[in-house]
There are 2 protein chains.
Amino acid sequence: MSAINQIAEKTRLSYVTVAEILRGRKGYNAKTCQRVLKLARELNYQPNYLGKALAGGRSMSIGVIISSLDSPIEVGKLKEIEFQASANGYRCYLLTHHSFLFAQPADAQPTLADSLNDLIQRRIDGLMVYVVHPLPREVLAILRKATIPVVHIDWAPPEAQQVIRIERQAALRDLAKHLAGLGHRRAVFHQRAPGRMIQPLQKALRKENLHLEAPPEWSTTGHSPDFETQACALASERFRQGDVPPLLICHLDQAAVGVLAACHDAGLKVPQDISLVGWGGLPCAQTCRPQLTTVREPGVGVGEQAFKWLDMLMRKTKDIAGCTTFAAHLTIASTTGQCAGGIL
Amino acid sequence: MSAINQIAEKTRLSYVTVAEILRGRKGYNAKTCQRVLKLARELNYQPNYLGKALAGGRSMSIGVIISSLDSPIEVGKLKEIEFQASANGYRCYLLTHHSFLFAQPADAQPTLADSLNDLIQRRIDGLMVYVVHPLPREVLAILRKATIPVVHIDWAPPEAQQVIRIERQAALRDLAKHLAGLGHRRAVFHQRAPGRMIQPLQKALRKENLHLEAPPEWSTTGHSPDFETQACALASERFRQGDVPPLLICHLDQAAVGVLAACHDAGLKVPQDISLVGWGGLPCAQTCRPQLTTVREPGVGVGEQAFKWLDMLMRKTKDIAGCTTFAAHLTIASTTGQCAGGIL
DNA sequence: CTGAAAGCGCTAACAC
DNA sequence: GTGTTAGCGCTTTCAG
């Protein structure tokens with residue numbers, strides 16, 4: 001028998017009366033309340049949210065889909081979202097996209113679509129989607145059918161109503177100008193895996209007559225979250241092969257730090273022998289030597305804004321489609337210099 | 001009306017029959033099944049987990065309390081736990097301990113105790129607690145009253161039954177011997193805030209006649225997750241004041257990397273002028289130059305093991321108290337050298 | 001193979 | 001101020 005029933009019995013009150021007192025509704029006899037509350041404490045009464053949610057139609061929980069937790073960029077936003085949610089009485093279901101992170105047969109792995117479905121079945125009140133790359137079509141299909149409020153950060157499907165965009169055009173343009181000004185004409189992109197991040201970069205560089213390549217031998221194949229060491233090993237190997245591009249742009253600061261180590265080991269001077277650009281504006285970009293020229297992604301504020309928006313949607317305060325933008329910024333430091341034209 | 005009812009009406013079957021077919025129970029007429037499933041698809045039927053959980057007594061969700069998300073050590077374990085949970089049909093409620101991370105009046109912040117209570121009210125099936133420092137007594141009181149299975153990683157209250165311990169004694173002893181062998185007699189500990197991590201270290205060092213201090217001026221006061229930059233700034237300031245301890249032990253590799261940068265800026269040679277020890281065995285320890293001597297915390301496997309254990313408890317397969325241990329290991333690299341005895 | 005009835009713990013609407 | 005009744009969507013038990 002449920003605790004409320006027990007209390008109701010002992011106090012000879014009705015179930016509902018007890019329930020309402022417990023829920024904090026005012027207007028009841030003070031003594032009655034005291035008796036009820038005392039008993040509740042003795043029984044260690046814990047209201048059951050499942051029943052509450054079932055009857056009340058709101059689960060007070062949200063889903064947070066986040067593409068990975070491998071860089072502070074993502075983790076920072078997760079933290080903010082979780083904090084805001086918590087402060088507003090919501091709990092977060094975490095959903096990461098690690099389909100490739102662990103070596104397991106692909107068909108044994110639950111897909112993102114399955115997991116999302118699961119969340120919907122749990123009747124989350126809202127969903128936060130923070131991904132850099134487009135979501136698989138099955139996932140989009142689910143999103144379309146579900147009627148819960150969704151706020152996207154960064155990438156969003158065309159039909160999305162609520163989006164927090166990350167504007168990188170200006171930063172990329174600045175970067176291109178900066179590099180062109182140093183005499184660079186050719187750049188190599190070091191990436192984790194072929195991705196879409198490269199296209200806007202390529203476009204921006206082309207406007208300044210800079211040619212960007214992303215040759216497979218500069219692409220990391222593994223899927224470990226250890227960007228630094230992977231990049232270091234890869235770059236060391238490239239350098240050993242005599243492949244020293246005058247300008248290397250890395251997909252993440254952590255990777256650039258790894259390359260920096262490889263340069264050190266190979267006796268290459270940065271930026272005299274090779275120029276290096278990072279991505280993210282992470283702390284490590286400031287504490288490596290030389291300091292990294294990098295594109296700083298927006299940090300503090302994004303997650304908070306995103307949650308506030310979702311909250312509004314969930315309360316149906318407003319239902320307007322909209323789009324807030326946070327901008328990335330170029331940070332010029334010491335890893336970019338005059339093009340070491342002679343080498344290649 | 002619920003989707004099941006609709007289907008039951010149209011097919012002229014009973015509610016329960018439809019529900020069971022939908023739940024995948026075998027033994028029904030094949031044609032009946034097909035009709036039901038077809039309708040379900042048309043109606044985009046999504047079983048309601050809240051009802052399921054309420055009736056079934058299991059919510060298929062677990063709570064994950066994790067002290068912070070500021071270092072890859074913690075995030076890595078979270079990822080593993082989330083992955084394992086997901087693969088076993090459980091969803092994770094994330095709970096971080098950011099009471100101090102955001103500048104807000106303390107009383108406006110939901111406490112960890114409140115959040116934990118909330119999770120219990122949501123009837124999580126199990127709880128994972130991964131904290132380095134002791135939990136507040138209110139939280140422990142809640143844990144004691146609740147009857148859900150709990151698995152602790154690292155710190156655990158004395159009464160805890162299931163604990164994954166992280167054994168650091170041996171590594172600390174090795175570290176102490178290594179440092180003593182280099183002629184060191186005095187060390188300064190650089191930390192984020194006064195904590196308990198220092199005591200075992202102090203003890204281990206004392207056995208080798210090494211004296212460890214943790215003076216407040218080497219302690220970071222802020223609470224930003226940006227260890228590298230903070231440590232760099234702090235160390236720079238200390239060096240400027242002429243405070244160059246012959247041996248500095250940092251509470252985290254990231255902080256050590258920051259100090260390394262400060263050394264570089266101050267013209268101090270590592271390890272000739274100052275020896276540096278990190279903590280964690282993070283990727284950045286391998287990609288800074290010189291590479292960090294560090295205490296490598298156990299990484300891959302801990303989260304997985306922890307979840308497997310929790311899973312066993314939740315299924316009540318076994319109920320034995322127990323304790324698995326993962327060990328930390330000393331990694332000797334290039335930031336520790338002969339004591340620069342002359343300076344102080 | 002199918003169905004009826006009771007109950008999980010809670011809320012909402014309305015009566016007294 | 002307090003009680004009654006119905007229902008949220010699902011599972012379980014037992015009867016046919």
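No hydrogens, no waters, no symmetry mates; every other heavy atom, side chains included, goes into these values.
- Listed pair B/R23 / D/dC10 fails the phosphate criterion, with no side-chain N or O lying under 4.0 Å from OP1 or OP2.
- Listed by first and then second residue, the side chain to side chain donor-acceptor pair (under 3.5 Å) pairs that reach into residues 134-156 of chain A are A/R144-A/E159, A/D154-A/R168, sequence neighbours excluded.
- B/R123 places its CZ atom 19 Å from the P atom of D/dT11, with the value rounded to the nearest Å.
- The nearest whole Å value for the distance from the CD atom in B/E20 to the C1' atom in C/dG3 is 10 Å.
- Residues satisfying the side-chain contact (heavy atoms from CB on, under 4.5 Å) test with B/A85, not counting sequence neighbours, are B/I62, B/Y90, B/C92, B/F307.
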Only pairs under 3.5 Å count here: list side-chain donor-acceptor contacts from residues 27-35 of chain A, not counting sequence neighbours, and write none if there are none.
| unit_1 | atom_1 | unit_2 | atom_2 | d |
| --- | --- | --- | --- | --- |
| A/Y28 | OH | A/E20 | OE1 | 2.8 |
| A/N29 | OD1 | A/K31 | N | 2.9 |

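- Here A/T17 does not reach the OP1 or OP2 of D/dT2: none of its side-chain N or O atoms lies under 4.0 Å away.
- Not counting sequence neighbours, the partners of B/P47 by the side-chain contact (heavy atoms from CB on, under 4.5 Å) test are A/Q121, B/Y45, B/K52.
- Of all the residues in residues 46-57 of chain B, B/P47, B/N48, B/G51, B/K52, B/A55 reach under 4.0 Å from DNA chain D with at least one non-hydrogen atom.
- Within the model, atoms CG of B/L69 and CD of A/E74 stand 12.5 Å from one another, a figure rounded to the nearest 0.5 Å.
- The overall bend of the helix from C/dC1-D/dG16 to C/dC16-D/dG1, read as the angle between its terminal helix axes built from five base pairs each, is 40° when rounded to 10 degrees.
- Take B/L54 and apply the side-chain contact (heavy atoms from CB on, under 4.5 Å) test, not counting sequence neighbours, and it matches A/N48, A/L50, A/L54.
- For the pair A/I21 CD1 and D/dT2 P, the computed distance is 7 Å after rounding to whole Å.
- Rounding to whole angstrom units, CD1 of residue B/I7 and C1' of D/dC10 are separated by 14 Å.
- Put simply, CZ on A/R122 is 18 Å from P on D/dG9, counting in whole angstrom units.
- Looking at residues two or more places apart in sequence or on another chain, you find a ring pair (Phe, Tyr, Trp, His ring centres under 6.0 Å) between A/Y93 and B/Y93.
- The side chain of A/A19 lies closest to C/dT11, out of C/dT11, D/dT12, C/dT2.
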Candidate pair A/T96 and A/I65, rule side-chain contact (heavy atoms from CB on, under 4.5 Å), full reasoning: CA-CA 6 Å; A/T96 356; A/I65 295 185; over 6 Å; no
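- Counting any heavy atom pair closer than 4.0 Å across all strands shown, B/R58 reaches no nucleic acid atom.
- Sequence neighbours left out, the pairs with a member in residues 121-136 of chain B that pass salt bridge (charged side-chain N to carboxylate O under 4.0 Å, His left out) are B/D118-B/R122.
- Atom CD in B/Q121 sits roughly 9 Å away from atom P in C/dC10 (whole-Å rounding).
- Distance CG (B/N5) to P (D/dC10): 9 Å, rounded to an integer number of Å.
- Annotation: proximity of residues 25-33 of chain A to DNA chain D (heavy atom, distance under 4.0 Å) is found for A/G27, A/Y28, A/N29, A/T32, numbered in ascending order.
- Checked by atom type, the side-chain pair A/R91/A/S86 shows a donor-acceptor distance below 3.5 Å.
- Applying the salt bridge (charged side-chain N to carboxylate O under 4.0 Å, His left out) test to residues at least two apart or on different chains, the pairs with a partner in residues 37-46 of chain B are B/K38-B/E42.
- For A/P149, the side-chain contact (heavy atoms from CB on, under 4.5 Å) criterion is met by A/L310, A/L313, A/M314, not counting sequence neighbours.
- Remark: P of D/dA6 and OH of A/Y15 are 17 Å apart, rounded to the nearest angstrom.
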